[in-house]
Amino acid sequence: MDNVTVRQGESATLRCSVDNRVTRVAWLNRSSILYAGNDKWCLDPRVVLLANTKTQYSIQIQDVDVYDEGPYTCSVQTDNHPKTSRVHLIVQVSPKITEISSDISINEGGNVSLTCIATGRPDPTITWRHISPKAVGFISEDEYLEITGITREQSGEYECSASNDVAAPVVQRVKVTVNYPPYISDAKSTGVPVGQKGILLCEASAVPSADFQWYKDDKRLAEGQKGLKVENKAAFSRLTFFNVSEQDYGNYTCVASNQLGNTNASMILYEETTTALTPWKGPGAVHDGNNGAWRRGGCAWLLALPLAQLARQF
């Protein structure tokens, strides 16, 4: 039995070789007659006669679907005895993802189970991979992806790919959001002179994004407080002093919180004094009255006199 392999939606041609001894010929699908000679017996408009010659008897099934798969028989009647030849039609189907997990949000340390179901002929191979710069290769070659004790580094998109070499692989993605409490990554003390602009910065990572609060000692600082500006963003909070006074110096605490927890960091706004550098006025330094600069060169005329006296002696 010969195999004829076509993709779903294509046309399948079934050929039967004959000779001049043939008196009758027909194509059958299982027990149903499709064509007998030039006469069409089936009602399916997709089945057409291609050739009925002294050497070949062929039919074509157009727009093939999976229910067309199976055995087909060419029955030939000669003067001596009947003969049959069989062809098995194989229909290949492109992969299709029929079910996939929805986007998920989970707290750090929890367990994640992702599912990806796909159909196709032959059965597609399913793989999972993490879409991340640090991810290498596939993390699962199964319909199911299990992650135990998930970490924040494992958040992001996970891609399911289904392939069976019939057509290009089909892919779909699932977004996994890992929630974790705030972590303050940067909070530095700052020195600012009196009367200048000062900034304290507090950077924190968290999912969901952290809410920030500022305290000086035990007193909470509010937006709009005179001389201050509190600017809160998703990943940082900035406390700005427009005109630093003596009363502004001291210890400040940044508190970052979300529904999973909170953390804090202390920093100091301290007075920074600048020391003026005085020009060097040692021996040989001359003050230039035009620009107030000091220059070396005062020793040149002092050396000229001893040199002249030595010249007279020789």
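Not measured: the values here are computed from a predicted model.
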Report task. Begin with the C-alpha distance, continue with both residues' side-chain angles, and end with the deciding distance and a verdict on side-chain hydrogen bond (donor to acceptor under 3.5 Å, both in side chains) for D211 and S257. Result -> CA-CA 5 Å; D211 294 323; S257 61; 5.2 Å; no
Requested in this report: Would you check if there is a donor-acceptor pair between the side chains of S105 and N179 at a distance under 3.5 Å?
Outcome: yes
Query raised in the report: If you group Ile, Leu, Val, Met, Phe, Trp and Tyr whenever their side-chain heavy atoms sit less than 4.5 Å apart, what else falls in with Y249?
Result: V192, V194, L200, W214, L221, L228, V230, L239, F241, V244, Y252, M267, L269
Requested in this report: For D68, check side chain to side chain donor-acceptor pair (under 3.5 Å) against everything at least two apart and list the hits.
Outcome: R46
Query raised in the report: Considering residues at least two apart in sequence or located in another chain, which fulfil the side-chain contact (heavy atoms from CB on, under 4.5 Å) criterion with E159?
Result: R129, I131, V171, R173
Query raised in the report: Okay, side chain of N164, backbone of V93: is any donor-acceptor separation there less than 3.5 Å?
Result: yes
**Report entry** Trace of the side-chain hydrogen bond (donor to acceptor under 3.5 Å, both in side chains) decision for E146 with S113
**Finding:** CA-CA 5 Å; E146 303 286 344; S113 179; 2.9 Å; yes
Query raised in the report: Closest approach of N251 and S266, non-hydrogen atoms and distance?
Result: OD1-CB, 3.8 Å
Query raised in the report: Is there any salt bridge (Lys or Arg N to Asp or Glu O under 4.0 Å) pair reaching into residues 5-20, and which pairs are they, with sequence neighbours excluded?
Result: D19-R21
**Report entry** Polar contact flag, side-chain donor to acceptor under 3.5 angstrom, S245-D248
**Finding:** yes
Taking only distance into account, with no hydrogens and no angle test, what donor-acceptor pairs under 3.5 Å do side-chain atoms of residues 57-66 form with protein atoms, sequence neighbours excluded?
unit_1, atom_1, unit_2, atom_2, d
Y57, OH, G37, N, 3.2
Y57, OH, G37, O, 2.6
S58, OG, Q56, OE1, 2.8
Q60, OE1, Q62, NE2, 3.4
Q60, NE2, T13, OG1, 3.4
D65, OD1, Q8, NE2, 2.8

Query raised in the report: Among pairs that include at least one residue of residues 20-65, which meet disulfide (SG to SG under 2.5 Å), considering only residues two or more places apart or in two chains?
Result: none
Query raised in the report: Quick one: do E108 and R152 make a salt bridge, cutoff under 4.0 Å?
Result: yes
**Report entry** Heavy-atom closest pair, residues V87 and W27
**Finding:** CG2-CH2, 4.3 Å
Query raised in the report: What pair of heavy atoms forms the shortest contact from N258 to A206, and how long is it?
Result: ND2-CB, 3.8 Å
**Report entry** Derivation of the side-chain hydrogen bond (donor to acceptor under 3.5 Å, both in side chains) call for Q213 and Y215
**Finding:** CA-CA 7 Å; Q213 294 179 354; Y215 292 84; 2.9 Å; yes
